[in-house]
Each structure stands twice: as C-alpha cells, then as structure tokens.
Amino acid sequence: MRKLLLVPAMLLALTGVSQAQKSGSVDAKTLEEIRSSFKLDANTQAIQNAITNTESIRELSLNRSKIGKTDHYFKYRVDVKGITDQESSGRCWMFTSMNTIRPNAMKKFNLNAFDFSHNYNYFWDLFEKSNLFLENIIATSDRDMDDREVVTYFKSPVGDGGVWNSFYNVAKKYGVVPAEIMPETKVSNKTREIGSLLNEKLRGEGYKLRMLAAEKASAKKLEAAKVESLKSIYRMLALGLGEPPVEFEWRFKDSEGNISESKTYTPQQFLEEVAPGYANIEMVMIMNDPTREYYKVYEIKNYRNVSEGVNWTYLNLPNEDIKKFAMASIKNNEAMYASCDVGKQHNRKTGVMDVNTYDYASLLGVEFDMDKKARILTRQSGSSHAMALVGVDVDENEKPVKWEFENSWGSGSGHNGYITFTDAWFDAYMFRVVINKKYLDDKAKKASESKPVQLPVWDYMF
C-alpha cells in the first residue's frame, strides 16, 4: 500500500489554511517577544497575588482618591419623594416614565405616598408587543427565514425592555391605575420565566403564520389566525399577572388623614386626572449619539410596542445643549425620563458615579482609552437603564458639577434609592433625556421638526 506524502503547501490547501492566514499566526519568535514583555518584578508579583486571590477585580480597582469627594447635595432639585422598586424585571423604562408623573398624583390628591400599578401597564405592554410581533411576521412572510429583519424579530419576539415611547404608547391607549387596583404578582416582580414562555409560544405562532402565508392564505384568514394566537397570549398574561380592569373604584387617605369619597374611573380617565393632556403633550427625546450627525432626528424602525403607536425617535444633540435644557426643566420642578450606561463606574455602596471610580488601568497596567463614539460602535457601551433625572448642582458660574437620578431599585440601593453622578460622567455615559419641547431653544426646536432618518430594526442603539 502506497503512503500519500503531503508537502506543506498541499497540507495547507487541504486544511483550508491559506499562506496569508499562516503569516498572521503567532509564531515562536513573536510569542517569545510577548512573553518577555511581562516582567514579574516585586510590584507585579504583589498585584498578581492580589488579583488571583480576590473575588472582585472591580473592588481591588476602587479609586481611593475618589472616595468622599462627591456629596449628595443639590442647588436645584425637583420636589420628589418615595422610591419605587422594579424587583427582578427589566421594566425600568416603565417605572421611570411613571416616576416623572407620580409627583402630579401626590400633589393632586395631597398624598404623602403614591404609586401606579406597573403590573397593569406591563400586561398591556406585553400583549401589544405580541400583536406587533405577529404583525411583523405576517409583513415579512415572503422573505427567507435568514433575512436579517426576520431573524431580528424571531430572536426576541417580546421582552421587558423599552424606552419612553413604549410607556407613552401603552398609557395613551390603556391609561393608568393606582398600584392597589392591580398589584404586583410574583410573576410581574420576577419576569424571566413568563418572558421565556411567551417567546416560545410566539415563535411557534409566528412560524404557523409564515406557513399559512406560504400557502397563499388570504389576509382575512391570516388576521383570524393572529387573533387566535393573541387569545392564548391574553390567557397566559391573565393567569400570571391577573386580568386588568376596564374600570375601577378608588378612594384614598390624604396627608391630613382625610378619607375621600369613592370614585369610579376608567384607566384612561385616571391618566387624564393625574396628568392632564399627557396623551397630547409635546415631549421630545433628546440624545447624545456622537456616532451620528447632531441636530438631526433619527427613528428606529418598528421600535415600539403598540402597532399604531410611535417608534423610538430622537433628536441628536451635543451634551452641552442637553444639559442646558435639562437644567431648565429641573429648575421648573419637572422631572425627566433619562437613560444611561448605569453599569459603568458605578459605586453602588455610595450611590456615586464618576469617571475613574474604578481605576483598572493603574491596577492592570494597561490603558482603557476608548472615547464615547468608539465605545458605542464597538458595543462596549450603550444605554442599559432608565431613571428619572431630578437634580443638578452647579458652581459659582451656574455650570453643572453633578446631577441626581431617582432610581427604581428600592430605597436600600445607592444613596437612599438615589444616584449622584458627576458632570464628567454625564459626558461619558449619559445617553438620552425626554423633555418637554418648551425647554428647547429655537435651533433645537427647528431641528426636532425635521423628517427623521430611519434606522434599521437591528440598529446598535436598539
């Protein structure tokens, strides 16, 4: 039997490794150069000993020079009180949106404490997201399963996530109710399991709709099939969250101990009671996205929850403009929906966020030098959490030095439930603020009225 002898070139061809690829490999000489760059001197040995014996590199890198340098006092602060808790859910956008109008209810009814039912709006958010998913599947049923838009829809049919327009859409259609009218359940406080089950069901229903469409089913038949699918979704939600009220009776005890007469509301009437004109208020999302041109409006395709609702749309502005408008809102006692990359440089024990709170560069002896644009484009940074922007402190020239968030992680988190962040952190990790249009200057107002540039459903700001 003859043995087949393979020369190196033939071996490379058979294994699919090109000469170009081989030249980019780490050869022995290069590896020796890299190895020799690591000098295990006494200081390096001490750092290695510390790191290999710690459960948290983050804690080792805590920058001692930053501790105690940022207080929690603010010259300008919205009149807010009480901290909410979203528990183990991703509903920060909903809690934050409600927290911006919660002071209105407390003032309206003279209450020391009040909260909305997040469970009520969560029910309708998931229901409407399910409908939109099925509509999107029908609309793209003529495309291949590996089409990028189809893949995006099936990857995540529904989820906890959202932005301010998600709350606006669902509140405008379904209104709001007090917390005691539809209280939280174990499922609404810990949403991972119901979310997983809904997605499994929706993927199956979406696949069936695609099969029907492939059989040239009529639009009427597809709509009927979609409605049958939504009946299953409604059942799952009602079993896990409870069934939302069509109308309700409510009374309360005010801060002086007076008990009100019972009154009957629809959820839509209650929204109008506590936030008159909310459905038609002129709010605009302003965002700092250095990857795109400023003073332009951008819209992410199909980023909404309600089929007939508005998409995620934002006016892109420099940070200095955003700060100017945000300060005007705070000075006028109006809290704002805001979102940021909360995980970056956040000291949860002190409730402070500052650049270099954690000095990984000094600990590890390597540079971390990406700017905000690079962090966004490489997916290293993006908005991860929404909170209400309620305070700003300034220097003698009225320039902001630090800001305050009202968070929704309970009063035991941060500084009594609040987070203080420096102006430098604002520049690096703040992304968007939703603000009444009246606080914009003429240039920003004019830009906000321009036709949006549409971004794809898989855009990185998603």
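None of these values were measured; they are calculated from a predicted model.
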For the rings on [X] and [Y], is their centre-to-centre separation under 6.0 Å?
X      : Y      : value
Tyr153 : Phe133 : no
Phe109 : Phe252 : yes
Phe405 : Trp403 : no
His118 : Phe95  : yes
Tyr234 : Phe123 : yes
Tyr298 : Trp312 : no
Tyr337 : Phe167 : no

Identify the two heavy atoms, one from [X] and one from [Y], that lie closest to each other, and give their separation to 0.1 Å.
X      : Y      : answer
Asn136 : Asn302 : OD1-ND2, 3.1 Å
Leu363 : Ile47  : O-CG2, 3.4 Å
Val342 : Ser384 : N-OG, 3.1 Å
Leu389 : Ala326 : CD2-CB, 4.0 Å
Asn99  : Asn407 : ND2-O, 4.5 Å
Ser262 : Glu249 : OG-OE1, 3.3 Å

Can you establish whether the number of heavy atoms outside [X] located under 6.0 Å from its atom [atom1] is more than 12?
X      : atom1 : result
Glu200 : CD    : no
Lys437 : NZ    : yes
Arg235 : CZ    : no
Asp442 : CG    : no
Gln48  : CD    : yes
Glu59  : CD    : yes

I want to check a possible cation-pi pair here: [X] against [Y], using under 6.0 Å from ring centre and within 45° of the ring axis as the test.
X      : Y      : value
Arg91  : Tyr122 : yes
Lys443 : Tyr295 : yes
Arg379 : Tyr460 : no

Do [Y] and [X] meet the salt-bridge criterion of a basic N to acidic O distance under 4.0 Å?
X      : Y      : result
Asp459 : Arg292 : yes
Lys324 : Asp441 : yes
Arg102 : Glu406 : yes
Asp289 : Arg432 : no
Arg77  : Glu404 : yes
Lys323 : Asp427 : yes
Glu308 : Lys172 : no
Glu87  : Lys190 : no

Using the ring-ring contact (aromatic ring centres under 6.0 Å, His included) rule, collect all pairs that involve residues 343-389, keeping only residues at least two apart or in two chains. His385-Trp409
Can you list the steps and then say if Glu261 with Arg251 is a salt bridge (Lys or Arg N to Asp or Glu O under 4.0 Å)? CA-CA 6 Å; Glu261 293 184 4; Arg251 65 176 184 162; over 6 Å; no
Please check: side-chain N/O of [X] versus main-chain N/O of [Y], any donor-acceptor pairing under 3.5 Å?
X      : Y      : value
Glu205 : Leu134 : no
Asp160 : Gly90  : yes
Asn258 : Asp254 : no

Criterion side-chain contact (heavy atoms from CB on, under 4.5 Å) against Met336, the qualifying member of Val78, Val433, Val434, Thr96: Val433
Using the side-chain contact (heavy atoms from CB on, under 4.5 Å) rule, pick out the option among Val176, Val177, Leu126 that qualifies with Asn121. Val176
Excluding sequence neighbours, so at least two apart, what forms side-chain hydrogen bond (donor to acceptor under 3.5 Å, both in side chains) with Asp71? Lys402
Using only heavy-atom distances, determine whether the side chains of Tyr303 and Asn165 contain a donor-acceptor pair under 3.5 Å. no
Just checking, any donor-acceptor pair under 3.5 angstrom between side chains of Arg304 and Tyr168? no
Contacts satisfying salt bridge (Lys or Arg N to Asp or Glu O under 4.0 Å) that involve residues 367-378 (not counting sequence neighbours) are none
Picking from Lys331, Glu334, Lys445, what satisfies side chain to side chain donor-acceptor pair (under 3.5 Å) with Tyr439? Glu334
Please list, chain by chain and in numerical order, all residues satisfying ring-ring contact (aromatic ring centres under 6.0 Å, His included) with [X], sequence neighbours excluded.
X      : answer
Tyr174 : Trp124
Tyr429 : Trp425
Phe431 : none

Any chance you could lay out the side-chain contact (heavy atoms from CB on, under 4.5 Å) test for Met287 and Leu317, step after step, and finish with the verdict? CA-CA 6 Å; Met287 186 156 165; Leu317 294 176; over 6 Å; no
Determine, step by step, whether Lys66 and Asp354 satisfy the salt bridge (Lys or Arg N to Asp or Glu O under 4.0 Å) criterion, reporting the C-alpha distance in whole Å, the side-chain angles of both residues, the deciding distance to 0.1 Å, and the verdict. CA-CA 8 Å; Lys66 295 283 186 176; Asp354 192 5; 3.1 Å; yes
